[in-house]
Asker: 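What follows is a structure written as structure tokens; I'll ask about it next.
Every number for a ligand or one of its atoms is a count from 1 in the order of the listing. Just so you know, these numbers use all the heavy atoms, side chains as well, and skip hydrogens, waters and symmetry mates.
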Amino acid sequence: MKASTIIEEIKARQVLNSRGNPTIEVDVYTIDGFGRASAPSGASTGRAEAVPFPKGGVKEAIKKVEESIAPEIIGLYADNQEEIDAVLHEIDGTENFQNIGGNTAYAVSFAVADAAADSYGLSLYQYLGGSMNSSLPYPLGNVIGGGKHASGKATDIQEFLALPVGAESFSAAVEANATLHRRLKSILGELDATFTGGKGDEGAWAPNISNDEALEAMSKASREVTEELGFECRIGLDVAASSLWDPEKEVYVYTRDGIERDTGEQIEYILSLIEKYDLVYVEDPLHEDDFEGFKELTSKSHGCLICGDDLFVTNVNRLQRGISIHAGNAIIIKMNQIGTLTDTWRTARLAQENGYVPVVSHRSGETEASHIAHLAVALGAPVIKTGVVGGERIAKLNELIRIEEELGERAHMACLKI
Ligand code: PGA
Ligand code: ZN
């Protein structure tokens with residue numbers, strides 16, 4: 001008998017994210033299935049992102065689900081995702097989900113997809129991507145961090161990342177990142193006498209060291225792990241440059257290092273780091289409105305992903321603008337930057353059609369939900385950025401280990417062209 005995906009009931013509740021802050025979780029019941037999703041939150045958010053919650057916060061978001069969204073969505077088919085997401089836009093009525101909140105849209109949209117998948121007895125990645133999808137993303141993980149994800153004297157650059165590009169399986173890739181994270185603990189202890197083993201929001205070590213020292217430490221550890229495991233482990237950065245940019249003085253302020261750089265100097269600095277440390281990935285090297293700077297850096301760098309997070313905010317129009325001038329060659333895909341699954345899917349597909357690498361990403365404030373692991377496989381995304389340690393990060397990694405097992409012999413690593 002054919003399964004029914006007709007939505008019968010929707011419930012919303014307040015739960016906590018990994019920072020201990022409130023967020024929204026939504027349950028969706030169809031005639032034949034059940035789905036649940038909870039929304040993450042960022043700390044270094046882009047100005048052009050969807051507004052996370054309505055005025056009144058999570059409590060108000062729950063009210064919106066109960067009073068405005070549920071009555072419109074009950075009775076619709078959960079597998080008609082586009083229609084559901086269009087209803088969310090219609091109820092909200094603004095460009096950036098000011099009225100219902102991007103996180104509310106996220107939780108409803110993903111819970112609906114989850115319920116549709118369950119109604120058909122499929123895993124979410126199979127339901128979204130089809131049964132021929134069998135590629136696993138490379139895990140990009142935050143190993144040392146500072147910026148807005150830590151306090152005190154941590155690094156100015158927000159994230160020092162690991163990407164095990166030579167791994168032949170997802171499980172091996174995850175092991176490489178975890179080994180590198182463990183290895184760094186002792187290296188950092190030698191560099192910083194005050195190092196307590198403290199970590200930032202995403203489980204990355206947060207020592208009191210300079211950016212250059214962090215890069216040296218990463219470079220040493222990745223060389224050691226490459227040798228030990230026998231496949232190539234490379235490193236990258238999320239500069240989160242909007243957090244460093246002083247719009248009045250028009251300089252990037254590196255407080256910890258006591259240095260200021262104008263746009264030209266910033267581009268030269270990043271190029272020198274790419275060369276010196278053989279960086280495979282640099283995210284947000286320039287502030288969120290500097291499409292021209294991204295263009296210049298992309299044309300001058302080779303063999304490195306130049307990724308836009310705050311620049312593109314998973315927004316199809318901003319990505320289109322980037323594509324038209326060749327600004328960047330990779331894009332962070334964070335569904336709650338834009339709100340719905342349909343919007344997210346369109347942005348990721350536009351990226352792929354134009355040779356941009358989609359990097360499906362967590363937020364610094366996460367829940368234990370693992371939907372983004374399924375989204376990455378469904379899209380055939382070559383990279384997932386979701387941390388290395390911490391329960392809420394491990395939830396995504398472990399889910400991908402299970403998916404790899406479920407795919408069995410069909411499982412293979414995605415094609416990552418750099
Ligand atoms: P977030 O940032 O704090 O906005 O989640 C993470 C990132 O910049 O990639
Ligand atoms: Zn970022």
Side-chain angles (χ1 to χ4, degrees), residues 17-21 23 38-53 96 102-103 106 137 139-151 154-163 199-204 206 235-245 252 270 279 281-290 294 297 305-315 318-319 322 327-339 344 347 351 356-367 369 371-372 376 381 383-388 390 392-393 396:
N17 70 18
S18 55
R19 276 194 278 263
N21 291 334
T23 188
S38 48
S41 293
S44 68
T45 49
R47 236 183 327 103
E49 288 191 22
V51 175
F53 290 108
N96 57 352
N103 278 9
Y106 176 107
L140 177 67
N142 192 355
V143 184
I144 301 178
K148 286 199 173 162
H149 294 166
S151 40
T155 54
D156 297 309
I157 291 179
Q158 184 177 281
E159 300 168 27
F160 297 80
L161 300 151
L163 185 65
K199 297 181 205 147
D201 283 349
E202 295 179 357
I235 61 175
L237 300 174
D238 180 359
V239 182
S242 296
S243 312
L244 306 178
W245 179 244
Y252 294 92
I270 300 295
L279 301 181
Y281 177 90
V282 179
E283 181 178 326
D284 283 353
L286 295 145
H287 73 78
E288 60 198 325
D289 290 317
D290 194 1
F294 264 80
L297 181 65
L305 295 176
I306 306 294
C307 186
D309 173 9
D310 293 347
L311 182 77
F312 295 135
V313 292
T314 318
N315 182 307
R318 290 183 71 99
L319 175 60
N329 53 26
I331 175 176
I332 282 283
I333 301 291
K334 287 174 174 167
M335 184 163 132
N336 77 334
Q337 284 181 329
I338 194 70
T344 305
T347 304
Y356 277 55
V357 173
V359 176
V360 173
S361 172
H362 67 170
R363 303 301 307 245
S364 51
E366 264 296 330
T367 74
H371 301 68
I372 63 165
V383 183
I384 186 167
K385 184 184 184 208
T386 187
V388 179
E392 70 284 359
R393 321 284 152 193
K396 284 76 169 163

Asker: Is a side-chain N or O of Asn103 found less than 3.5 angstrom from the main chain of Pro40, in a donor-acceptor match?
Answerer: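 It does hold such a pair.
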Asker: Tell me if a side-chain donor or acceptor on Thr347 pairs with a main-chain N or O of Thr314 at a distance below 3.5 Å.
Answerer: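 Yes, the answer is positive, given that a donor and an acceptor are paired below the 3.5 Å cut-off.
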Asker: For Tyr252, check ring-ring contact (aromatic ring centres under 6.0 Å, His included) against everything at least two apart and list the hits.
Answerer: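 If we apply the ring-ring contact (aromatic ring centres under 6.0 Å, His included) test to Tyr252, skipping adjacent residues, the hits are Trp245.
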Asker: What are the two closest heavy atoms between Ser44 and Asp310, and how far apart are they?
Answerer: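 The answer is O-OD1, 3.5 Å.
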Asker: I'd like the atom name of the N/O/S atom in Glu283 lying closest to the Zn ion (ligand 2).
Answerer: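 Considering only N, O and S atoms, Glu283 comes nearest to the Zn ion (ligand 2) through OE2.
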Asker: Among the N/O/S atoms of Asp238, select the one at the shortest distance from the Zn ion (ligand 2) and name it.
Answerer: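 That would be atom OD2.
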Asker: Do NZ/NE/NH1/NH2 and the carboxylate oxygens of Glu159 and Lys385 come within less than 4.0 Å?
Answerer: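 A salt bridge is present here (some side-chain N lies under 4.0 Å from a carboxylate O).
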Asker: Would you mind naming the N, O or S atom of Asp309 nearest to the Zn ion (ligand 2)?
Answerer: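 Looking only at N, O and S atoms of Asp309, the one nearest the Zn ion (ligand 2) is named OD2.
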Asker: Cut-off 3.5 Å, side chains only: do Gln337 and Asp309 have a donor facing an acceptor?
Answerer: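 Gln337 vs Asp309: donor-acceptor pair found between side chains.
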Asker: Could you name the protein residues that come within less than 4.0 Å of ligand 1, counting only heavy atoms, and order them by chain and residue number?
Answerer: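 Those residues closer than 4.0 Å to ligand 1 by some heavy atom are Gly42, Ala43, Ser44, Thr45, His149, Gln158, Glu159, Glu202, Asp238, Glu283, Asp309, Lys334, Arg363, Ser364, Lys385.
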Asker: For Ser364 and Ser18, which heavy atoms make the closest approach, and how far apart are they?
Answerer: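 Scanning both residues, the minimum pair turns out to be O-OG, 3.6 Å.
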